[in-house]
Amino acid sequence: MKEEKNKNNKRSFLIFAIIALILILVYNAFVIPAVKKAKIKDTNYSFFLKQVDDGTVEQVQIKEDTILFKVKGADGSEQLYSTIRVEDPDLVTRLYEKGGIDFTGSIEEQNPVASFLVSWVLPLVFMIILWNILMKGMSKRMGGLGNAMSFGKSNAKIYVKAQTGKTFADVAGQDEAKEALVEIVDFLHNPGKYADIGANLPKGALLVGPPGTGKTLLAQAVAGEANVPFFSISGSEFVEMFVGMGAAKVRDLFQQANEKAPCIVFIDEIDTIGKKRDGTHSGNDEREQTLNQLLTEMDGFDGKKGVVILAATNRPESLDPALLRPGRFDRRIPAELPDLAGREAILKVHAKKVRIEPDVDFNAIGRATAGASGAELANIINEAALRAVRNGRNQVSQSDLEESVEVVIAGYQRKNAVISQKEKELIAYHEIGHALVAAMQKDSAPVHKITIIPRTSGALGYTMQVDEGEKFLMTKEEALARIATLTGGRSAEELVFNTCTSGASNDIEKATQLARAMVTRYGMSSSFDMVALETVNNQYLGGDTSLVCSPETAAKIDEEVSSIVRNAHSKAVKILSDNVTKLHELAGFLLERETITGEEFMEILKRDNVPAI
Ligand code: ADP
Ligand code: MG
Ligand code: ZN
């Protein structure tokens, strides 16, 4: 893009030079005469004659219809006067006779070199300094004034292999996505193979998935593997202040791409420009024009030429249907949250970048991070490395990794938080309540760790459960067991202290969410059967839902949800009161240790062989 930039620079310099020239001319035509004029006093002819007679006039310049003359005061000061020229044939003789008056030269014109300096060189120097300041400011505020001077130019950067430095080997898991992209890379390498048989490759592929699953990374890997020019631009860069600018940028981008074909154009976060056009939001002309231009351009170029358009989004449902029809982004490449094998692989890819003990168990970390995205896993490895450095070691250990999983889930430990003994006891019973209820139900994941060290996220303690293997489905029994486990904390508070605390608010939220989903989306309630009562709006971003039912049904749903939670709660209370001695024993142990492992927990629990319920 260097050439392009130089061209831009030259053009803006030319514009600047023209403006500078005009300014200098104006300066010479108006400012200098005005300054000079200010120095000259107007007077009348008789004053002039009187001064000549008095002998104070030093110099006279007779012009066409004015007379300029310089008077030397008694104190030696000089003053210029101008007067109307009256028809007076004796004037010259008079001046001549007076003697000592110079009336042949020009008063105004001082030193020609000085006047040249003042009227031309000085303003020029000033302009050049101004230009330099402007240019510096421009390169500092990348794109600030720079953009203003290059209206409508796309700022897509060309990446070639060496620059992204990413290959498919950097992307772990995501095998389906890689497979689909490998085909595109192959097409760019041997388009003939596809043309022979008459196959057209998709013009565009849309990478969809939750944030942090490696969509941008996949696109960079394609660029690295394909070894063709790679234009990368973010959707938001098309959004301009002025209507039509975004469209101009799209046009420019595709023009460049056509020149460089075969090549790849990658539009990240395409939902910023590709939102559904609907009648309701009027007045967003700019975005619509940009989208229309994109649609036109995608139709316009020849699929056989080898321009492939990749785009990424985490809101595919908000995209305009016209973008998704065959011939445009007709291929959808999912980049989902990684499964257990995927998480292990991602951890290993990132672990290669840090020095790590050879016997680290990535599988255990993978199991403890169900639902984590690739970006979070990369972050876990980095946090672990930072922790190793903080502790003065030069290798990352298993415990670093385990601690950093908790950091990513719950924040850092707040070691110096002051918590009273009374509250500590409450927290310990609360956590053991969760753990005990979990352990006493057979459809519940085993307890991995319990801690009452507060975290920066605000959690005062937590119980970590880790499944043995990967779970893709949740049975009704598991869901109910989960809700019971969530109510276990509050149940322990009630049972032991005969009170309840605000510490259960998060548990309550989660329990209610799950119970509601059971009723409205999973068809797990007896009264509604398999009726969908809620739809998911944003499956990749939080997954918020909206109710689709009558108000009467909504009331019934609420009843159903609260009865599920109430039943789970009483089940938890029952489990705890049946095992109240274990509850005291475990809580005491946790209070003393602050953090206990799942094994320690099970060991104490099994000592007297409590019968499972
Ligand atoms: P997004 O899907 O939001 O575009 P990115 O591609 O920007 O996510 O991913 C962010 C970071 O997460 C990457 O730079 C990489 O370090 C890590 N990451 C995400 N997915 C993977 C993966 N499958 N393999 C390896 N690293 C990954
Ligand atoms: Mg991204
Ligand atoms: Zn709790």
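Every heavy atom of this structure was used, including side-chain atoms; hydrogens, water molecules and symmetry mates were not. First listed ligand is number 1; within each ligand, the first listed atom is number 1.
- Around the Mg ion (ligand 2), the protein contributes the following N, O or S atoms under 2.8 Å, ordered by chain and number: Thr216 OG1.
- Compare Gly374, Gly214, Ala172, Ala378 by their heavy atoms: the one nearest to atom 22 (C) of ligand 1 is in Ala172.
- Ring planes of Phe230 and Phe266: parallel class, angle under 30° (limits at 30 and 60°).
- The list of salt bridge (Lys or Arg N to Asp or Glu O under 4.0 Å) pairs with a residue in residues 208-224, not counting sequence neighbours, is empty.
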ask   = Would Lys249 and Glu237 satisfy salt bridge (charged side-chain N to carboxylate O under 4.0 Å, His left out), going step by step from the backbone distance to the final call?
value = CA-CA 9 Å; Lys249 276 190 172 179; Glu237 284 176 62; 5.8 Å; no

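- With sequence neighbours left out, the side chain to side chain donor-acceptor pair (under 3.5 Å) criterion links Lys353 to His350.
- Note: an N/O pair closer than 3.5 Å links Gly212 and ligand 1 by distance alone.
- In this model, a donor atom of one side chain and an acceptor atom of the other lie less than 3.5 Å apart for Glu494 and His569.
- If you look at Leu207 next to ligand 1, there are no close heavy atoms at all, none under 4.0 Å.
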In residues 308-315, what donor-acceptor pairs under 3.5 Å come from side-chain atoms, sequence neighbours left out?
{"from": "Thr313", "atom 1": "OG1", "to": "Asp271", "atom 2": "OD1", "distance (Å)": "2.7"}
{"from": "Thr313", "atom 1": "OG1", "to": "Arg315", "atom 2": "N", "distance (Å)": "2.9"}

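- Numbered from 1 in the order shown, with element, the atoms of ligand 1 that lie under 4.0 Å from a heavy atom of Val171 read 23 (N), 24 (N).
- Contact annotation: Glu431 places no N, O or S atom under 2.8 Å from the Zn ion (ligand 3).
- Summary of contacts: the protein heavy atom closest to atom 13 (C) of ligand 1 is Leu217 CD2, 4.3 Å.
- Nearest to the Zn ion (ligand 3), among the N, O or S atoms that Asp507 has, is OD2.
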